[in-house]
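Following: one structure in structure tokens, then a few remarks.
What you see is a predicted model; the values in this text were computed from it and never measured.
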Amino acid sequence: VQLQASGGGLVQAGGSLRLSCAASGSILTIFRMGWFRRAPGNEREFVSAIAWSDGTTFYSDSVKGRFSISRDRAKNTAYLQMNSLKSEDTAVYYCVIRTPGTGWYDLGFGDARSYHNWGLGTLVTVSS
């Protein structure tokens, strides 16, 4: 499975960006997709995830109410709409995926170890 993320860039505080993540390869079905991020000098942190079957969404407290995750099942693509961006949102954003049948143990939507494939990352820079 390959993940291709796009949509990062430079935006002013208060602005918006939309990230996309397209999954390709040998995919029979998707269980969950999501986003993590790593800001300079910080550890990697969970941002958001979506359950592929019913669209249940999950958010970290730091982005709840500002970010919105969605999916297009026909395109195997997840989206992250980021509004009211703040300087502290500046980070490299990584798309992740979990598909069933991999034998990869599921530690929950917010645990990075639950995801067996990661995209290369896309940089989001928010200027204040």
Could you check if a side-chain atom of [X] sits within less than 4.5 angstrom of a side-chain atom of [Y], using non-hydrogen atoms only?
X: Arg71; Y: Arg73; answer: yes
X: Val96; Y: Trp35; answer: no
X: Gln4; Y: Leu120; answer: no
X: Met82; Y: Ser16; answer: no

Do Thr77 and Asp72 meet the criterion of a side-chain donor-acceptor pair at a distance under 3.5 Å? no
Can Tyr115 and Arg32 be counted as having a side-chain donor-acceptor contact under 3.5 angstrom? yes
Quick test of your reading: applying ring pair (Phe, Tyr, Trp, His ring centres under 6.0 Å), list the pairs with at least one residue in residues 61-95, sequence neighbours left out, ordered by first then second residue. none
Counterpart residues, side-chain hydrogen bond (donor to acceptor under 3.5 Å, both in side chains), relative to Thr125 (two or more places apart): none
Taking only residues two or more places apart in sequence or in another chain, which ones pass side-chain hydrogen bond (donor to acceptor under 3.5 Å, both in side chains) with Asn76? none
With sequence neighbours left out, what residues match Ala13 under side-chain contact (heavy atoms from CB on, under 4.5 Å)? Val126
At what distance, to the nearest 0.5 angstrom, does CE of Met33 lie from OG of Ser70? 11.0 Å
Distance-only donor-acceptor pairs under 3.5 Å for side chains of residues 47-54, two or more places apart:
unit_1 : atom_1 : unit_2 : atom_2 : d
Ser48  : OG     : Phe58  : O      : 2.9
Asp54  : OD1    : Thr56  : N      : 3.0
Asp54  : OD1    : Thr56  : OG1    : 2.9
Asp54  : OD2    : Thr56  : OG1    : 3.1

Could you pull out the closest heavy-atom pair between Leu3 and Ala23, with the gap in Å? CD2-CB, 3.7 Å
Got a sec, which residues hit ring pair (Phe, Tyr, Trp, His ring centres under 6.0 Å) with Phe46, two or more places apart in sequence or on another chain? Phe36, Phe109
Qualifying residue, where the test is side chain to side chain contact (heavy atoms under 4.5 Å, CB included) with Arg37 and the options are Val92, Val63, Asn42: Val63
